[in-house]
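Report on the following structure.
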Amino acid sequence: MTTQSQPQPPPPQQHTLTKLVVEVVDGRDLLPKDGQGSSSPYVIADFDGQRKRTSTRYRELNPVWNEPLEFIVSDPKNMDYEELEIEVFNDKRYCNGSGRKNHFLGRVKLYGSQFSKRGDEGLVYYQLEKKSVFSWIRGEIGLRIYYYDELVEEEPPQNQPPENQPPPEEPSKNPPPHVVVKEGLVYEVPGQHVEICHPVPENVSHYQPPPVGNVQESPPHVVHMQPDPHQVLPPEEMVPPAVAEVRKMQCGTAERIRVIKRPNGEFSPRVINTNNFPGETTKERIHPYNLVEPMLYLFTKIVKARYLAPNVNPYVKIRTSNHLKRSKPVMYRPGEQTDSPEWNQVFALGHNKNDSVDATLEITVWDAPSENFLGGVCFELSNVPVRDPPDSPLAPQWYHLESGASEQNNRVTGEIQLAVWIGTQADDAFPEAWSSDAPYVAHTRSKVYQSPKLWYLRLTVIEAQDLQIASNLPPLTAPEIRVKAELGFQSVRTRRGSMNNHSSKFHWNEDLIFVAGEPFEDPLILSVEDRTNREATLLGHVMITVSSIEQRIDDRHVASKWFGLERRGDGCGCVAPYCGRIQLKMCLEGGYHVLDEAAHVCSDFRPTAKQLWKPAIGILELGILGARGLLPMKSKNGGNGSTDAYCVAKYGKKWVRTRTITESFDPRWNEQYTWQVYDPCTVLTIGVFDNWRMFADVSEDKPDNRIGKIRIRVSTLENNKVYTTSYPLLVLSRSGLKKMGEIELAVRFACPSMLPDTCSVYGQPLLPRMHYLRPLGVAQQEALRGAATKMVAAWLTRSEPPLRSEVVRYMLDADSHTWSMRKSKANWFRIVAVLAWAVGLAKWLDNIRRFRPKTPSGMDIRLSQAEAVDPDELDEEFDTIPSSRPPELIRMRYDRLRMLAARVQTVLGDFATQGERLQALGWKPLPYSTTATKIEIPEETQ
């Protein structure tokens, strides 16, 4: 009997499914809502159109759930922009009486950028927020949120269509763009996955992920600010909500900006050509990346060649009517074929449309040692294609090499692969191209840098036991035992340890704080020293890897650990068997913001832990147009003055550096950058420097000279308004204030919902919560800031090309904590300006009613500090003017005054910053105001 073989089903296909897990742990101090002094809370989580809830905890103001809620991520690429909403309700079934609805107890909104991968998650307590202004909410909820990828198998379809049935119609390859309406904004989402989220009823047990469609790329996007919801907008005027972190050197169509020079004595900013600037429009929309002037370049990409004539080190020459460039020669390896060299270089030559009518581009190949001609190609510039930034890169093609009129006798063979096009500085190939306005060395290229991720390392030294102390101490002498902790270049010692009953146990209970930077290369070294005698004796040490230390993002308790001490033998290199042990408590604080800038000019206040970051409220765009009238900074060619200027901008963790324009007092950069803004009360810093490292044959390493810097406060910028201003570059030296030139900038701050987001940010503390739960002292904060500045400078110096240490320190104001009478007066007048309304109100109230005490008051010795005065202070108070004391005593008093005045100056500056922050909440710029920008006058140390 024969059996017919059945076709084998296809094997199941596997694909990766991303899942998000929200573990609701517990709640704290919830609001009673059941009429009996308690609540029966439950939690509802809403993510990506999926809705899950926990069980109800009966009459608990501090409920504990420990329930994981699992969600499917339909589009993992755009998960950072998805919103997770956690709401807490009181179950009406357990209320006293008949309630119509469940009482609202608070909510928390999080974004995908705050989620952690499985294994890196932590328990975070979020403060419950209000739903409206009149809501009464309190308490917090503990969540542990993480995501992971899972491989799932798809079963093949069981029912196959019959063979004679026509196949289904394929969808159109060009589907219409998806339009998303969210929070009053209309977006068109191009080129990425578009998810259409449908609400899922609670009674549906099996959830199917929403369908995902692909949309083709579209032209440059346009962001609509506050559009009319009833108005139908064309597709080209809509943009996706996704915001790119790094967008640089883009341009739009605009005429060149004409600047009328003013006398050097004017130190105030001035507006330049605001009416005709492309970003200043009357319509409520933004054309992105049009803050700078377009600069045309002729791009030539030389890839490789094949079938060349015999050669040794071939190179390529690129010649136009105005430029001549030469590529690097190819160095062959032993045994490598010499007929197929590869260059992979891009050249960007300045291009003028008026000169390209009859101009030609010659690309020739030569041999380096013998200068033999190997062939060439010629192009007419009028036939070269133009490439716009949205287009894909132009594909290189093979061209036959031809011989010239004067090289008829030479044998020319082979082909060369290249691509030629005309573009602007917005082209993707421009940053790494050999440009005609700057040398090809790495120190002249435009780059984007990122500051390292910094943590505060809190080390608590509790006690030490079984220390081997010398027994030959004098009678009634207690040993002086201290602990020295080192992390990289940071070194801190504890105070003298206390000992009980002359035992070998010493107590400290002292906190030491360091600045640690990822990737945690330096270990933490602790040394226990006996400093009873003049020379310190090492009793033992321990080395701890920083990456193994526990991380925390709140003030929860951290368990202490015992570590064994080691001590080297005397010259033998062996380790002693047992030298005692030390009890430590260590943690990496993720709830603090590590300050590397002064508090009143800080550009970022976010904590270290990414889980605590709030979503961005807007975008800050900066167009660095150019500079005018720069002074010569160096001498070349026998004494001729020259300046090779480049610009550095810093906001948050992102640093940008423009290319260097050589030998120009009026450089034109026309580069554009963007940043995400998380707090409007932040400052953008821009500095201009003279490049010294660009010369490869320098005999000495000189620092890059400072030309000047300015600062722009984001809170003073109107929403969606372009400020095109020329700012003076001022430097304060020992000889006085000096103007070094002017810098031309275009700035725009775009915030979709300016009023609610700004008001909510101003209603929150300036620094993260841990700064107020466990505050740091002023002196300690300044020491940690100095360490952070040094670490950031060392990190950026290791980049290629490096951002010099003197540039980083100048941008971060590393010496701003030093005392000066000018800074103290400036901070005092800032406080007077902030409190002017309060002083006027006090004077008005004093005129209405004057307060008179019932009994005439005498001298208050506590208020006057007369009861605890130091003799040296009395001697200083009754000293004559000029002083009659020795110079050493006067110098000591002056140094003490400077240290105290520096701390007072810092506190006054912070107080003035808080006042200006409150004052800016109700500040509204006048219609005729051009810009509200604070110009910082830096100091130049000789």
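- In this structure, a donor-acceptor pair under 3.5 Å is present between the side chains of S451 and W655.
- Between the side chains of Y332 and N311, at least one donor-acceptor pair of N or O atoms lies under 3.5 Å.
- A salt bridge is absent between E663 and K634: the closest approach of a Lys/Arg side-chain nitrogen to an acidic carboxylate oxygen does not fall below 4.0 angstrom.
- Side-chain N or O atoms of K654 include one that pairs as donor or acceptor with a backbone N or O of T674 at under 3.5 Å.
- Smallest separation of non-hydrogen atoms from L349 and I318: CD1-CG2, 3.9 Å.
- Ion pairing between R628 and E742 fails under the 4.0 Å rule for side-chain N and carboxylate O.
- Screening D704, T662, N691, D690 for a side chain to side chain donor-acceptor pair (under 3.5 Å) involving Y646 leaves a single residue, D704.
- Ring geometry, W421 versus F299: the interplanar angle falls under 30°, so the pair is classed parallel (tilted spans 30 to 60°).
- A salt bridge links R668 and E744; the closest N-O separation between the charged side-chain nitrogens and carboxylate oxygens is under 4.0 Å.
- With a 6.0 Å radius and a threshold of 12 heavy atoms from other residues, nucleotides or ligands, H400 has its NE2 atom at or below the threshold.
- Counted by atom type alone, S74 and D48 present one or more donor-acceptor pairs between their side chains at under 3.5 Å.
- For K317 and W366, the positive end sits near the middle of the six-membered ring, less than 6.0 Å away and at most 45° from its axis.
- With hydrogens and angles ignored, the 3.5 Å screen pairs no side-chain donor or acceptor of T643 with any backbone N or O of A645.
- For R326, the side-chain hydrogen bond (donor to acceptor under 3.5 Å, both in side chains) test picks out no residue, with sequence neighbours left out.
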